[in-house]
Amino acid sequence: MKKFTLTIICATSLMMLFYGCGKSNSQKKPKYIFYMIGDGMGLAHIQFAENYLDAVNHDTATTHLEMMKFPVLGTATTYSASSFVTCSSAAGTALATGNKTKNSLLGVLADSITPITPISQKFHDEGYNVGIITSVTLDHATPAAFYAHVKDRNMYKEICYQLKDIDFEFFGGAGLRGLKDDIGLYDSLKANGFVVTCDKQTILDHKMSDGKLFAYNPVTSALPPDIPYLVDSRNHDMHLPFYVKKAIELFEKDKKGFFMMIEGGRIDHACHANDPGGTLGEMLDFDEAIKLAYEFYTRHPKETLIVVTADHETGGLSIGQASTGYASYPELLDYQKISYDKLKAQFKEMVTNDVKPTKEEIYNILCENFGFNNENPKMALNKLDSLRIDFFYIHDFDPSRMPKYGEMIKPEIYRTNLVSVHNMAALAVRIMSEKAGIGWTTGSHTGGAVPVRAIGVWQEKFDGSYDNTDIPKKIHGDL
Ligand SMILES: [Zn+2]
């Protein structure tokens, strides 16, 4: 009996010793890691997308995005080494390496020269397969923070030269901005062992034994080669979930573990444009990708960690704004059929081609694409809307009349909130925001903390409030 008691005491002490090392070390390192970053995604963005789903389902605050079903919620501060308001390269560097740096630096310390090893590389060196996936170009700030080191995030060509030497197994996203400076970039990737393809079937057929894959979206226009906004394409074909699905399929069959960085990169773009329908589509697209990660988790719950966070907030998005007071109508965004970027390009083409549309034609374009003046009384254009449309009609399409006309209606126009509204397309998404009750304070980023959601192995580490530099340390096991 005495011996039995002693055994129990010893066993208990051993267990205490084991767990005493900290709750976070109670399980061994996750084998499968999804690190998901919504670029520009603040808490309001998440709630906005949920409100939309609630509204279209005629429900009341019961619909949750996949990420909001995760058991752990934390918050992370986002300031950079040079500003309370970070840019994506400083934030990406923090999230990838655990170090603060100055805005516009990428993958280097604040001295602008010392390179820092990202956790993607650490995991790769430890034998994990690595995937870098994004809806923007693969040389853009956030994905590049996981493999490159440059003193300016806009050095796309240099970033691509570094990319070709990387041995990660999978890159999936929207091609390369660096191509504008060196059209031979895809050839140099191929020369360095990458299978480089934008052909859907080739991507679908690719196997691990075929080598490292650089899969990108075919470029369809002269716009930046990012994956088109969901609001413009209206399906998930070759969007973020497509690449996530492919990477999961490749890696799940392999014996090794994996580290996957998945960025919803165009949430940020839509928010820079203060485009509500654009933002909503990208939020839902990102959540589709999270659903795929969650499905994987349900197959390997004891070995998987999913962390969802953001690099910063963009746009100062608010639910509710001056025009609607204590109300918001996110369901009205169903009427929006075009992104700010696409509409702006359409209008720009008219000006470039010397096509001078009539005011009526412009009204028709706006009404067709945003549902203004349709059967829903909430979509009726009011006097101020018309005044502003008239103003930007002159401004964009008949500028010789601008000085006189501009002076005449300036007092009326500037009584309204025109932050970031500088052309007809921007006005269209602004009016749409006002109808839906969505507010914006800036065309840039804001400096608030961002949410962190986690599920799986080590999930408990992500509870509470901490700094963004702590997140990669927690994921890698250094914290
Ligand atoms: Zn941004």
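Quick note: numbers below take in every heavy atom, side chains included, and nothing from hydrogens, waters or symmetry partners. Indexing begins at 1, ligand by ligand and atom by atom, following the structure's order.
In this pair, His272 and His445 present their aromatic rings tilted. The plane angle is within the 30 to 60° band.
Among the backbone and side-chain atoms of His269, no N/O/S atom is found under 2.8 Å from the Zn ion (ligand 1). Coordination check, Asp268 versus the Zn ion (ligand 1): passed, since an N/O/S atom of the residue sits under 2.8 Å. Residue contacts to the Zn ion (ligand 1): His272 brings an N, O or S atom closer than 2.8 Å.
Between Asp467 and Lys100 there is a salt bridge, with a side-chain nitrogen of the basic residue lying less than 4.0 Å from a carboxylate oxygen of the acidic one.
Looking only at atom types and distance, the side chain of Thr78 has no donor-acceptor partner in the side chain of Asn468 under 3.5 Å away. A donor and an acceptor atom, one from each side chain of His140 and Thr142, are nowhere located under 3.5 Å apart.
The N, O or S atom of His445 with the smallest distance to the Zn ion (ligand 1) is NE2.
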